[in-house]
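To start, the structure under review is shown below, and the notes come after it.
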Amino acid sequence: MQDNEIAEWDPGLTKREMRLARLIVKRYYRSEVHGLELLPPGGVLVVANHSGGFLPMDEALFAVDYYDRFGYDRPIYTLTHDIMLVGPTAEWLRRMGYIRATPENAAAALRAGAVVVDFPGGDYDAYRPTWSRNTIDFCGRTGYVRTAVDAGVPIVPMVTIGAQENQLFLSRGTWLAHALRLDKLLHSKILPITFGFPFGLSIVLPLNMPLPSKMIIQVLAPIDIAAQFGAHPDVDEVDAHVREVMQKGLDELAAKRRLPIIG
């Protein structure tokens with residue numbers, strides 16, 4: 001099953017969709033991606049912060065510049081929640097390289113020499129409050145470390161700035177989700193509360209239009225886990241180091257940012 005998911009990636013479709021994505025990310029979001037030259041050959045696990053609420057654009061920003069630079073011989077696979085791969089868009093997403101976030105899928109893609117993108121913080125990270133927009137927060141999730149260790153591949157940290165300025169993120173609404181028992185009924189621990197255009201205050205719905213915030217991605221130097229932490233690394237120690245490196249990289253981007261949205 002897992003190998004079948006990997007095989008569903010369609011380079012022709014991906015190339016066509018990148019043309020539309022390029023118009024959006026380059027013209028609307030004025031995106032920049034720096035540090036692609038740091039990506040080593042072979043399988044790599046790109047670990048990134050997730051931003052933008054209901055419409056996170058970080059993967060698209062990265063993919064557009066990645067494929068422009070390297071072509072379509074080495075695919076990007078993005079680890080995603082099962083719920084994203086059901087319904088009418090499921091086949092399209094799978095053909096674009098989205099795969100279920102299982103250890104088996106990640107291992108198969110990494111063995112194939114692909115670039116695998118993981119957002120450990122998931123929706124918890126994507127809905128972090130505006131005042132914490134430049135904070136790396138994976139909600140304690142460390143499974144990505146074991147994925148890289150088991151596959152014997154480096155971790156490439158990547159940070160994005162700007163997407164968390166497309167509206168005001170007031171609260172993840174974890175307390176509200178718990179009060180409504182959504183954590184039990186829908187396995188959802190958040191019920192985001194945001195404020196934006198054109199509807200103003202929103203609790204999940206209605207969906208406000210993302211503002212054209214300038215977005216920048218910085219790919220950071222790869223981390224060779226075995227070389228730095230030994231053959232049997234402590235997962236928590238590696239995770240702490242990855243987050244520290246990412247926080248420093250995000251702080252550096254934030255220091256260069258002059259105005260919200262404008263960049």
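Values below: every heavy atom of this structure, side chains too, minus hydrogens, waters and symmetry copies.
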With distance as the sole test, does Asn49 use its side chain to make a donor-acceptor pair with the main-chain N or O of Ile136 at under 3.5 Å?
-> no

Would a distance-only check, ignoring hydrogens and angles, find a side-chain to backbone donor-acceptor pair under 3.5 Å from Ser51 to Ala163?
-> no

Contacts of Tyr72 that satisfy ring pair (Phe, Tyr, Trp, His ring centres under 6.0 Å) - sequence neighbours left out = Tyr67

Does any N or O in the side chain of Arg128 come within less than 3.5 Å of the main-chain N or O of His50, such that one atom is a donor and the other an acceptor?
-> yes

Checking side-chain contact (heavy atoms from CB on, under 4.5 Å) for the pair Trp9/Ile76: CA distance, chi angles, key distance, verdict?
-> CA-CA 9 Å; Trp9 179 67; Ile76 297 172; over 6 Å; no

Short side-chain to backbone donor-acceptor contact, Thr102 and Asn105, under 3.5 Å = yes

Any idea which heavy atoms bring Arg257 and Ser213 closest together, and the distance?
-> NH2-OG, 3.3 Å

Between Arg133 (side chain) and Thr130 (backbone), is there a donor-acceptor pair under 3.5 Å?
-> yes

Taking all non-hydrogen atoms of both residues into account, name the closest pair between Leu85 and Ile99 and its distance.
-> CD1-C, 3.8 Å

To the nearest 0.5 Å, tell me how far Leu170 CG sits from Leu201 CG.
-> 6.5 Å

Could you go step by step and tell me if His241 and Gln228 meet the side-chain contact (heavy atoms from CB on, under 4.5 Å) rule?
-> CA-CA 10 Å; His241 176 70; Gln228 191 162 344; 3.1 Å; yes

Can you sort out the partners of Asp224 under side-chain hydrogen bond (donor to acceptor under 3.5 Å, both in side chains), two or more places apart, ordered by chain and number?
-> none

Tyr124 ring centre to Arg172 NZ or CZ under 6.0 Å, with the angle to the axis within 45°?
-> yes

side-chain contact (heavy atoms from CB on, under 4.5 Å) between Arg22 and Asp68: does it pass, once the steps are laid out?
-> CA-CA 10 Å; Arg22 188 177 297 106; Asp68 278 351; 2.5 Å; yes

Provide the full list of ring-ring contact (aromatic ring centres under 6.0 Å, His included) pairs with a residue in residues 12-34, sequence neighbours left out, each pair given once.
-> none

Of all pairs that satisfy ring-ring contact (aromatic ring centres under 6.0 Å, His included), the ones with a partner from residues 95-115, not counting sequence neighbours | none

Counting only heavy atoms not in Ile83, do more than 12 fall under 6.0 Å of its CD1?
-> no

Heavy atoms only: give me the nearest Leu79-Arg100 pair and the separation to one decimal.
-> CD2-O, 4.1 Å

Members other than Ile262 in its cluster, when Ile, Leu, Val, Met, Phe, Trp, Tyr link by side-chain heavy atoms under 4.5 Å?
-> Leu259

Search all heavy atoms of Leu253 against all heavy atoms of Gln218 and return the closest pair with its distance.
-> CD1-CB, 4.0 Å

Donor-acceptor contact present, side-chain Tyr127 to main-chain Phe54, <3.5 Å | yes

May I ask you to decide if Ile261's main-chain N or O and Glu165's side chain share a donor-acceptor pair within less than 3.5 Å?
-> yes

Gap between atom CD1 of Ile6 and atom CZ of Arg94 - 0.5 Å precision | 12.0 Å

Distance-only side-chain donor-acceptor flag, Gln247 / Asp251, under 3.5 Å | yes

Side-chain donor-acceptor pairs of residues 146-159 under 3.5 Å, sequence neighbours excluded:
unit_1	atom_1	unit_2	atom_2	d
Thr147	OG1	Gly143	O	3.3

For Phe62 and Thr160, run side-chain contact (heavy atoms from CB on, under 4.5 Å): C-alpha distance rounded to whole Å, both residues' side-chain angles, the deciding distance at 0.1 Å, then the answer.
-> CA-CA 10 Å; Phe62 174 67; Thr160 306; over 6 Å; no

For the pair Glu17 (side chain) and Met96 (backbone), establish whether a donor and an acceptor sit closer than 3.5 Å, ignoring hydrogens and angles.
-> no

Does Leu250 belong to the same Ile/Leu/Val/Met/Phe/Trp/Tyr cluster as Leu36, with side-chain heavy atoms less than 4.5 Å apart forming each link?
-> yes

Here the pair of heavy atoms bringing Val47 nearest to Pro120 is CG1-CG, 3.7 Å

With no hydrogens and no angle check, is any side-chain donor or acceptor of Arg95 less than 3.5 Å from a backbone partner on Glu8?
-> no

Can you tell me if Lys26 uses its side chain to pair, donor with acceptor, with the backbone of Ser31 under 3.5 Å?
-> yes

